[in-house]
Structure formats: structure tokens, C-alpha cells
Participant: 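Have a look at this one before I ask anything.
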Amino acid sequence: MADDNESVEVVFPHAAIISYPRLFKPVSDRQGEELFSAMFLIDKTTPEGQETAKAIIQAMLNATRMGFVRGGGEDRKSPVFSKDMLIAAKVVPSDFDYTDDTQLKHFMEHIALPLKDGDSDRYQKGVNRNRLRSEVDPHYANHWFIEGTTKKTEERNRVPAIQVVDGKRVDLDDRTLVAGNLCRAKLLFLAYKTKDGDLGVKCFLQAVVKDADGEPFFTPRDLDPFSGFGLPAENADDAFAGMI
């Protein structure tokens, strides 16, 4: 990995809470593209959470800077962000210098970023549109959150699109990794510009390591289709254990 002050990639220095882990079966987005994804909740009140957020912000800053020198999309020869166009649109001042962190941070206030504040972010669509995220889901209170995605590609059909393991590198599945578990993630950030002219930084999820169970939002029993039948636990030695 490159120096932290240059890298657009980050590995969480501390575990965060995983939410909506869609890591084992892709889900189609509104454009019909199949994606693997997961959300991570980062505690704003702890030194560990603040350190993790700082590492993410640095990687986003680096990715934004790279957007002024590196191409993206079909035309990789042209930078993602055009300094002249941004000056003409009065998004940045005429003396804008993307190598200056202070000026670059001001520019980032005008583009879409993947790291958000759970206490101030509002849902943009659906039945909860305009409602505070933390009001709808208390898990987001006092947390930053970030979602990473990975596209499903034909080349990845035979192997997991995202490597998901525990601390001993044992592969996990949707029974052994659930919302609420404490995980570290490896994320990659890249600048983008849409055909409509929207600017931002995308977050790609590369790997997840589960550190601890934490406080799962749901227990495995909640996900068991046979709960309520009085059947014994899976692989139980006593076949009648659940019936007495």
C-alpha cells in the first residue's frame, strides 16, 4: 500500500459495526446492475472511531486530488475533474490549487462523498424520505457511516467477489457474518463524474475481516426458517433437546 498521505486505499485501523451486509449474494440496483455491498457504522465518540474516520477522510482527500490528474470512465486520458471548468462554474476560485489540502477540502464540500453523519443525514427516497437516519434507525445515532460496493462480474462467478474472513482467515457466510458484528474493511476510493455532470468520490469494497460478534442486530435464530417448530438446534447431539 502507498504512503497514507498518497493512498486512495484504506484498511480500517479499528473495527466498525457492519450493517446491511450483502456480501454473499448480489443485489440489483435501480439500473439493474448486480452489486455486493455493506455499510459500516463508525463510532463518533471514541478515539478508535475518530482514528478510523480520519483514515477514511485522508483516502477520500487523496482520491479527490487524483481526480484532477487522472482520467476516469471511457476517456481515461482526461482528468475526472476539470479545474478550468470548475473555475468557470465558480465552484472553485480562480487561484484554486488542488495540491493545497485546505482548498481541496473546500472543494469537497461541493461533491458527493461516501462518508456521512448518521445524526444529520436524511433519507433521500422511500417511505422515510427527508427523515433523519438516526431517527429511523437508532443504530446510526452517534455514528458516521460509509457504504462500500463491488460489481458482480463474470470473472468473479467462481470466487467470492469480496473476500470475507475471520481473524484466522476462515471464510464466512451469511450465517457467520451478520449485521451488528464488529469488522474491519479494506476500501478503495476513486473520483467520478457522471454524464449529468455530478461529481463525487466512489467507495469500492475489497475485503472484510470479522473481529468480533459485537451485538448482532439479529440472532441466527431470527434468521432460522424453522424457528417456532420446537426442533433441536442444528447439529445437536440430543435429537429431542428442543422438544422438552
Participant: Identify the two heavy atoms, one from Ser37 and one from Leu23, that lie closest to each other, and give their separation to 0.1 Å.
Facilitator: O-CD2, 3.4 Å

Participant: Ignoring hydrogens, what is the shortest heavy-atom contact between Thr46 and Gly49? Give both atom names and the distance.
Facilitator: OG1-N, 3.0 Å

Participant: Measure the spacing between OH of Tyr140 and CG of Asp121 and express it to the nearest 0.5 Å.
Facilitator: 9.5 Å

Participant: Can the ring centres of Tyr98 and Phe107 be said to be less than 6.0 Å apart?
Facilitator: no

Participant: Would you check if the side chain of His106 reaches a backbone N or O of Leu104 as a donor-acceptor pair within less than 3.5 Å?
Facilitator: no

Participant: Which heavy atom in Arg184 sits nearest to a heavy atom in Asp211, and how many Å separate them?
Facilitator: NE-OD2, 3.1 Å

Participant: For the residue pair Gly214 and Leu182, what are the closest heavy atoms and their distance?
Facilitator: CA-CG, 3.9 Å

Participant: Under a 4.5 Å side-chain heavy-atom rule over Ile, Leu, Val, Met, Phe, Trp and Tyr, are Phe36 and Phe24 clustered together?
Facilitator: yes

Participant: Quick one: do Phe96 and Phe68 satisfy ring pair (Phe, Tyr, Trp, His ring centres under 6.0 Å)? Show the steps, please.
Facilitator: CA-CA 12 Å; Phe96 177 70; Phe68 284 95; 5.4 Å; yes

Participant: Are Val69 and Met60 connected, step by step, through hydrophobic side chains (Ile, Leu, Val, Met, Phe, Trp, Tyr) whose heavy atoms are closer than 4.5 Å?
Facilitator: yes

Participant: Keeping the roles fixed (side chain from Glu147, backbone from Phe40), state whether a donor-acceptor pair exists under 3.5 Å.
Facilitator: no

Participant: Would you mind checking if Lys25 and Asp174 are paired as a salt bridge, meaning a charged N to carboxylate O distance below 4.0 Å?
Facilitator: no

Participant: Are Val92 and Met66 connected in the hydrophobic side-chain network, where two residues link if heavy atoms are under 4.5 Å apart?
Facilitator: yes

Participant: Looking at Ile87 and Pro93, what are the two nearest heavy atoms and their distance?
Facilitator: CG1-O, 3.5 Å

Participant: So which pairs with a foot in residues 79-90 pass side-chain hydrogen bond (donor to acceptor under 3.5 Å, both in side chains), sequence neighbours left out?
Facilitator: none

Participant: I'd like to know if the side chain of Asn62 reaches the main chain of Gln58, judged simply by a donor and an acceptor atom lying under 3.5 Å from each other, with no hydrogens or angles considered.
Facilitator: yes

Participant: Between Lys116 and Leu113 (side chain of the first, backbone of the second, donor and acceptor by atom type, cut-off under 3.5 Å), is there such a pair?
Facilitator: yes

Participant: How long is the straight-line distance from CD of Glu135 back to CZ of Arg122, given to the nearest 0.5 Å?
Facilitator: 8.0 Å

Participant: Report the residues that fulfil side chain to side chain contact (heavy atoms under 4.5 Å, CB included) with Ala55, sequence neighbours left out, ordered by chain and then residue number.
Facilitator: Val10, Pro13

Participant: Check for a donor-acceptor pair, side chain of Asp119 on one end and backbone N or O of Asn142 on the other, with a separation under 3.5 Å.
Facilitator: yes

Participant: Kindly indicate, with the supporting measurements, whether the criterion side chain to side chain contact (heavy atoms under 4.5 Å, CB included) is fulfilled by His139 and Met39.
Facilitator: CA-CA 12 Å; His139 291 111; Met39 193 89 75; over 6 Å; no

Participant: Between Asp101 and Arg65, does any NZ, NE, NH1 or NH2 come within less than 4.0 Å of an OD or OE carboxylate oxygen?
Facilitator: yes

Participant: I want to check something: taking the side chain as every heavy atom from C-beta on, are Leu35 and Val27 in contact at a cut-off of under 4.5 Å?
Facilitator: no

Participant: Return the minimal non-hydrogen interatomic distance between Pro216 and Asn181, and the atom names on each side.
Facilitator: CG-ND2, 3.9 Å

Participant: So if you build clusters from Ile, Leu, Val, Met, Phe, Trp, Tyr with side-chain heavy-atom gaps below 4.5 Å, do Ile111 and Val80 land together?
Facilitator: yes

Participant: Quick check on side-chain hydrogen bond (donor to acceptor under 3.5 Å, both in side chains): which of Lys125, Arg131, Gln124 does Asn128 satisfy it with?
Facilitator: Arg131

Participant: Pair up each side-chain donor or acceptor in residues 196-203 with any protein partner under 3.5 Å, not counting sequence neighbours, and list the distances.
Facilitator:
none

